[in-house]
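The structure appears right after this line, and notes come after that.
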Amino acid sequence: MRKIRISVLISGGGTNLQALIDACAQSNFPAQIALVLSNNADAFGLERAKKAGITTKVINHKDYENRESFEDDINEALKEVKTELVCLAGFMRILNASFVNEWKDRMINIHPSLLPSYKGLHTHERALEDGVRFAGCTVHFVRPEMDDGPIIIQAAVPITAEDTTETLAARVLEAEHKIYPEAIKLIAERRIRIRGHRAIIEGMIVTSETIINPILGS
Ligand code: GRF
């Protein structure tokens with residue numbers, strides 16, 4: 001089986017990265033990690049990558065005068081390892097439109113909310129404050145606007161009356177770890193067509209169950 005070459009961009013703990021490392025370790029998973037790149041030398045995710053024998057690179061934004069030159073070096077690093085898909089996994093830097101457009105439909109992100117609700121930071125606090133009944137997470141193609149772009153997979157996570165930011169974040173994170181590898185699999189298997197702002201999944205039978213939670217039953 002041909003495995004697509006993915007590069008994962010991180011800034012922190014890297015639990016999503018770990019989910020991707022674990023998925024890629026399976027012989028029947030159609031992707032391999034070519035590079036883990038961090039803007040933060042202290043990111044624990046770098047340790048996870050090293051432990052798995054994956055090439056790592058630190059490109060610290062603080063070493064650059066402007067965002068363009070920072071992104072030029074990221075671009076070069078991605079191309080050097082023949083990246084086919086860029087996976088943002090807790091990468092805490094805003095990317096310029098020129099960088100994003102260069103990787104159009106070849107760069108995805110995971111966000112801890114049911115987009116387009118709760119773009120930006122502190123998604124769980126805001127959801128709890130608003131009293132919404134469902135939180136969740138989204139894997140989407142990246143567009144220049146923050147947390148915008150065609151949605152590949154979402155998982156809904158019910159909110160209970162007892163939830164705190166921490167308990168909710170933990171359950172959403174668990175769902176993130178399931179849908180991120182799934183999204184990469186769909187892309188690697190070329191099952192996604194992008195039509196305008198929508199990503200259409202070939203052969204996906206939509207039932208009420210898949211609408212509520214695509215990871216149920218998996
Ligand atoms: C996750 O909540 C992800 O959705 C968001 O940043 C967080 C990264 O967590 N984009 P981790 O570093 O993967 O543990």
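Both counts, for ligands and for their atoms, begin at 1 and track the order of listing. Count residues from 1 along the sequence.
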Does any N or O atom in N16 lie less than 3.5 angstrom from one in ligand 1, N or O only?
yes
(message) Checking T83 against S7: is there a side-chain donor and acceptor pair closer than 3.5 Å?
(response) yes
Next on the checklist: Counting C-beta onward and ignoring hydrogens, is there a side-chain heavy-atom pair between I187 and R106 closer than 4.5 Å?
Outcome noted: no
Less than 4.0 angstrom from a charged side-chain N to a carboxylate O is my criterion; do K57 and E80 meet it? no
*How are the rings of F70 and H61 set relative to one another: parallel (under 30°), tilted (30 to 60°) or perpendicular (over 60°)?*
perpendicular
for atom 14 (O) of ligand 1, nearest protein heavy atom and its distance come out as T15 OG1, 2.5 Å
**Message:** Contact between R48 and I21 at the side-chain level, heavy atoms closer than 4.5 Å - yes or no?
**Reply:** yes
Under 4.0 Å from one or more heavy atoms of P112, ligand 1 contributes atoms 2 (O), 4 (O), 5 (C)
Note: heavy atom closest to atom 1 (C) of ligand 1, options E176, Q18, H111, belongs to E176
If we number the atoms of ligand 1 from 1 as shown, the ones under 4.0 Å from a heavy atom of G13 are 12 (O)
Test side chain to side chain donor-acceptor pair (under 3.5 Å), reference Y64, set N39, D72, D73, output is D73
Discussion item. Would G14 count as a polar contact of ligand 1, with the cut-off being nitrogen or oxygen pairs under 3.5 Å?
Written reply: yes
Min over A19, A89, G90 of heavy-atom distance to atom 6 (O) of ligand 1 lands on G90
Of all protein heavy atoms, the one nearest atom 10 (N) of ligand 1 is I110 O, 2.9 Å
